[in-house]
Amino acid sequence: ARRNAKVIIVGCGIAGIAAAEKLLRFGFADLLIVEATGRAGGRIHSTNFGKGIFEIGANWIHGPCMENAVFRVAKNHGLLDQTALLAENQLVVVEGRPSLGDSEFRLPGGQQLDEKMIESCESLYAEILQRSKAFFRSGEPLPKGIESIEGFVKAELVEALKNEPPEERAIKLAVMSEKLKLECSITGSHSMDDVDLRAFGEYHVLPGLDCTLPRGYQSLTDKMMNMVPLGCIMLNTPVVCIHWQLEPQKTDGNTRHYSVCVECEGGDKLYADHVLVTIPLGYLKKHHTMLFKPQLPAEKVRAVQKLGFCTNNKIFMEFEKPFWNPSCKLMELVWPDESPFKKRNEAFQAEWQRKMFGIQVLHPPERFGHVLCGWIAGKESEFMETLTESEVRQRMLELLRSFTGNPNIPAPKRMLISRWKSHPYTLGSYSYTALGSSGDDIDNLSQPLPTGQQRGVQPLQVMFAGEATHRQFYSTTHGALESGWREADRLIKHYSTSNSRHLSNS
Ligand code: 6YU
């Protein structure tokens, strides 16, 4: 087997790191990771803030069980606490909902909603979502005229709430509005109307009670990076163009022929046999026409365009002392005038904070200090990114004062705001199956180029990994990690078969 192929990995997030680490382990020593920013980890980004370590990007291991590759790697590196390692913890089924803990549902003015009513709303909502996934599993036709998750939820609500007295119905619909906002933060979409009803079931939920990494999510990518020699990484090097299908030519007096050339900002050209692209879908959407020469095949472009990529952000606020109930882990914000059936206000800029489904209490305070985190997704989240910290602080203070009914709450002493849409090399948070897309688009995105085998043409010139290329686990760290391994395996397999005769001469 030949292991002297030159491999360039574009992007040093968990997908790129996983691929590099595996390829190095299998003897591919001529390897380089080229990363646009000054750090490894990508959307896994932990930072010190106040008393603790906070996550700007990925938060939880979703479905921490032995089937979850991130769980296994974190466990092997000793990065998990005792609770996460408990066998019973790995068996809990949460159906993809992060475990935020006990919630309080509040109205403006501070009034708390009746627990029984909330329970009935929550179980109804969970049932409807469960049913929405059945279309994917069974392949049965969609209800006439309904193609999105929100469309389906609304149709089910008409039926389920038809006998409710008007007042009860109105408040339940307001709670359902909040649930749909929460769903947007989970899927990372602007509206659940943008999420495809049939494709929604494609995402595979693993068992396990979602857990965090006590030393920060980045402790995982830091550990994985320890296995990649420093000489294999170029930071602060944005790639501007990937030239593939190169004609045989001489490069720098070297007689070896390479099929791919990675052109970096500033003009540096790096030649390779294989380039693994782990760039986020948000960046591909905006830059794919300039990023590849020749351009991507039409089918790949369609997949890039059809799959969804929007924004989910967090607003951390540190306070001198807590003003919240110590048993409350999440304050869910219900606006009584909202309903999934009301037309959305397109001029949301004046009241962007309404999109925030809730405010999480970071727990325990010994680890985090007195910190709250507001979660907000979609266009309102992208608009929030354009505001100054003090504008966001002021709006958050008004929101907190209103929903606690306490006009004396002091302003947070420190803020930390994620701004994923403005991140030039991510341009959003993570992918989702947008209306009209399907798992086939995800598979298309993951297919290496050139497609098909031609004599004398180097196979696997441009390969693709990253969260958006994983059919079952897109949008997650474990999906990204597995996609990196998948592409490493593809190369390892390629060089373990007689196909290696197609490799260029060295
Ligand atoms: C998870 C979680 N989590 C919250 C928020 C975010 C994400 N995720 P990377 O981007 O890491 O790396 C690519 C690199 O490429 C990067 O370093 C770039 O700088 C570089 N690059 C780009 N352009 C370049 C160029 N031109 N040249 C060179 N380099 C270039 N995942 O498991 N648990 O709690 C969360 C969350 C706010 C932003 C998350 C979470 C997503 C993960 O962070 C993400 O998938 C991976 O880190 C991506 O790694 P990568 O290597 O692919 O790219 C039913 C149903 C619905 C389905 N969804 C349900 C699941 C919900 C997912 N949950 C997310 C929620 C949170 C809170």
Side-chain angles (χ1 to χ4, degrees), residues 8-19 33-45 55-64 68 70-71 95-98 100 129 132-133 136 149 183 185-189 192 195 199-205 210-212 217-218 220-221 234-242 262-265 277-284 286-287 290-291 311-314 360 373 375-377 381 418-421 423-433 464-470 472-484:
I8 294 181
I9 298 173
V10 184
C12 197
I14 192 167
I17 301 170
I33 307 181
V34 184
E35 164 60 44
T37 69
R39 55 175 287 280
R43 282 170 275 173
I44 293 179
H45 190 176
E55 307 298 352
I56 297 177
N59 233 76
W60 295 277
I61 301 182
H62 289 307
N68 184 316
V70 163
F71 177 79
E95 276 311 328
R97 301 272 137 329
L100 291 162
L129 270 202
S132 73
K133 291 186 179 168
F136 171 75
I149 290 293
E183 210 59 47
S185 271
I186 296 172
T187 51
S189 62
M192 292 311 287
V195 181
F200 192 57
E202 197 67 77
Y203 179 80
H204 182 62
V205 178
D210 291 0
C211 65
T212 56
Y217 226 122
Q218 212 176 290
L220 175 75
T221 39
M234 275 174 80
L235 295 176
N236 298 306
T237 311
V239 168
V240 291
C241 190
I242 296 164
V262 171
E263 187 184 338
C264 305
E265 208 174 273
V277 177
T278 73
I279 288 176
L281 178 62
Y283 187 96
L284 291 181
K286 183 167 177 193
H287 297 291
M290 301 300 280
L291 190 61
T311 307
N312 187 21
N313 274 313
K314 311 179 206 182
Q360 181 197 357
C373 177
W375 289 80
I376 183 163
S381 189
S418 72
R419 296 176 193 269
W420 284 103
K421 179 70 181 178
H423 189 298
Y425 300 105
T426 312
L427 297 164
S429 54
Y430 39 91
S431 64
Y432 67 93
T433 41
F464 294 84
E467 56 86 11
T469 71
H470 197 295
Q472 279 84 36
F473 297 145
Y474 62 87
S475 76
T476 64
T477 55
H478 52 287
L481 175 73
E482 278 198 3
S483 74

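Both ligands and their constituent atoms are indexed starting at 1 by order of listing. Note that the coordinates shown come from a computational prediction; the quantities given were computed from them, not determined experimentally.
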Practice problem: Give the single entry among S483, S475, A58 that approaches atom 41 (C) of ligand 1 most closely by any heavy atom. | Solution: S475
Quiz item: Can you tell me how far OG1 of T426 sits from CZ of R419, rounded to the nearest 0.5 angstrom?
Solution: 15.0 Å
Self-check item: From Y432, Y430, Y425, Y217 - option closest to atom 64 (C) of ligand 1 by heavy atom
Solution: Y430
Exercise. Measure from the side-chain N and O atoms of R43 to the backbone N and O of S429, and report whether any donor-acceptor pair falls under 3.5 Å.
Key: yes
Quiz prompt | Within reach of ligand 1, part of H62 (heavy-atom separation under 4.0 Å) | solution = side chain
Quiz prompt | From CA spacing to verdict: side chain to side chain contact (heavy atoms under 4.5 Å, CB included), I56, H423 | solution = CA-CA 12 Å; I56 297 177; H423 189 298; over 6 Å; no
Quiz item: What's the spacing between N59 CG and C211 SG if we round to 0.5 Å?
Solution: 11.0 Å
Quiz item: Counting heavy atoms only, which of G57, S189, C264 comes nearest to atom 4 (C) of ligand 1?
Solution: G57
Practice problem: Return the option from I33, V277, I186 holding the heavy atom at the smallest distance from atom 61 (C) of ligand 1. | Solution: I186
Exercise. Examine the proximity of ligand 1 to V34 and report which part, side chain or backbone, both or neither, has a heavy atom under 4.0 Å away.
Key: backbone
Self-check item: Exam field: side chain E467 to backbone S475, donor-acceptor pair closer than 3.5 Å
Solution: yes
Exercise. Please could you name the atoms of ligand 1 that A480 approaches to less than 4.0 Å, counting only its heavy atoms?
Key: 48 (C), 49 (O), 50 (P), 52 (O)
Quiz item: For the side chain of N313 and the backbone of I376, is there at least one donor-acceptor N/O pair under 3.5 Å apart?
Solution: no
Self-check item: Contact (N/O only, under 3.5 Å) between W60 and ligand 1
Solution: yes
Quiz item: Which one holds for W420 and ligand 1: side chain close, backbone close, both close, or neither close, with close meaning a heavy atom under 4.0 Å?
Solution: side chain
Quiz prompt | Polar atom proximity, P280 to ligand 1 (N or O, under 3.5 Å) | solution = no
Quiz item: Should you measure from each heavy atom of V10, which atoms of ligand 1 turn up under 4.0 Å away?
Solution: 27 (N), 28 (C)
Quiz item: Going through the checks in order, is the side chain to side chain donor-acceptor pair (under 3.5 Å) test met by T477 and Y217?
Solution: CA-CA 10 Å; T477 55; Y217 226 122; 2.8 Å; yes
Exercise. List every atom of ligand 1 that sits less than 4.0 Å from any heavy atom of T37, numbering the atoms from 1 in the order shown and giving each element.
Key: 19 (O)
Quiz item: If you measure from each non-hydrogen atom of F473 to ligand 1, which part falls under 4.0 Å: side chain, backbone, both or neither?
Solution: neither
Quiz prompt | Sidechain-backbone polar pair: T237 side chain, A36 backbone, donor-acceptor under 3.5 Å | solution = no
Exercise. Tell me which one of R43, H287, E467 gets a heavy atom nearest to atom 10 (O) of ligand 1.
Key: R43
Quiz item: Under the side chain to side chain contact (heavy atoms under 4.5 Å, CB included) criterion, do S381 and K421 qualify, and how do the steps go?
Solution: CA-CA 9 Å; S381 189; K421 179 70 181 178; over 6 Å; no
Self-check item: Heavy-atom closest contact (L291 atom, V239 atom, distance)
Solution: CD1-O, 3.8 Å
Quiz item: Which atoms of ligand 1 have any heavy atom of G466 under 4.0 Å away?
Solution: 52 (O)
Quiz item: ligand 1 and Y283, any nitrogen or oxygen pair closer than 3.5 angstrom?
Solution: yes
Exercise. May I ask you to list the atoms of ligand 1 that are less than 4.0 angstrom from any heavy atom of W375?
Key: 67 (C)
Quiz prompt | Reference residue N312; test side chain to side chain donor-acceptor pair (under 3.5 Å); the match among W375, W420, Y430 | solution = Y430
Quiz item: Can you find an N or O of N59 that's nearer than 3.5 Å to an N or O of ligand 1?
Solution: yes
Quiz item: With distance as the sole test, does K314 use its side chain to make a donor-acceptor pair with the main-chain N or O of E55 at under 3.5 Å?
Solution: yes
Quiz prompt | Min N/O separation I14 to ligand 1 under 3.5 Å | solution = yes
Quiz item: Based purely on interatomic distance, does Y474 place a nitrogen or oxygen under 3.5 Å from a nitrogen or oxygen of ligand 1?
Solution: no
Quiz item: Can the ring centroids of F200 and F136 be said to lie less than 6.0 angstrom from one another?
Solution: no
Quiz item: Applying the side-chain contact (heavy atoms from CB on, under 4.5 Å) test to P64, which of T212, D210, V70 qualifies?
Solution: D210
Exercise. Please say whether G428 places an N or O atom under 3.5 Å from an N or O atom belonging to ligand 1.
Key: no
Quiz item: In ligand 1, which numbered atoms sit nearer than 4.0 Å to a non-hydrogen atom of P238?
Solution: 27 (N)
Quiz item: Which atoms of ligand 1 sit under 4.0 Å from any heavy atom of T278?
Solution: 13 (C)
Quiz item: Would you say T426 touches ligand 1, if touching means a heavy atom closer than 4.0 Å?
Solution: no
Quiz item: So is T477 polar-close to ligand 1, meaning N/O to N/O under 3.5 Å?
Solution: yes
Quiz item: N/O of E35 under 3.5 Å from N/O of ligand 1, yes or no?
Solution: yes
Quiz item: Side chain, backbone, both or neither: which part of Y203 comes within less than 4.0 Å of ligand 1 when only heavy atoms are counted?
Solution: side chain
Self-check item: Working for side chain to side chain contact (heavy atoms under 4.5 Å, CB included), residues L427 and H287
Solution: CA-CA 11 Å; L427 297 164; H287 297 291; 4.2 Å; yes
Practice problem: Using a strict cut-off of 4.0 Å, indicate which atoms of ligand 1 neighbour a heavy atom of S429. | Solution: 38 (C)
Quiz item: Given I149 and L129, is the side chain to side chain contact (heavy atoms under 4.5 Å, CB included) satisfied, shown in steps?
Solution: CA-CA 8 Å; I149 290 293; L129 270 202; 4.2 Å; yes
Quiz item: Counting N and O atoms only, with roles assigned by atom type, does the side chain of T37 sit under 3.5 Å from a partner on the main chain of R39, one being a donor and the other an acceptor?
Solution: yes
Quiz item: Backbone or side chain, does any N or O of K314 fall under 3.5 Å from an N or O of ligand 1?
Solution: no
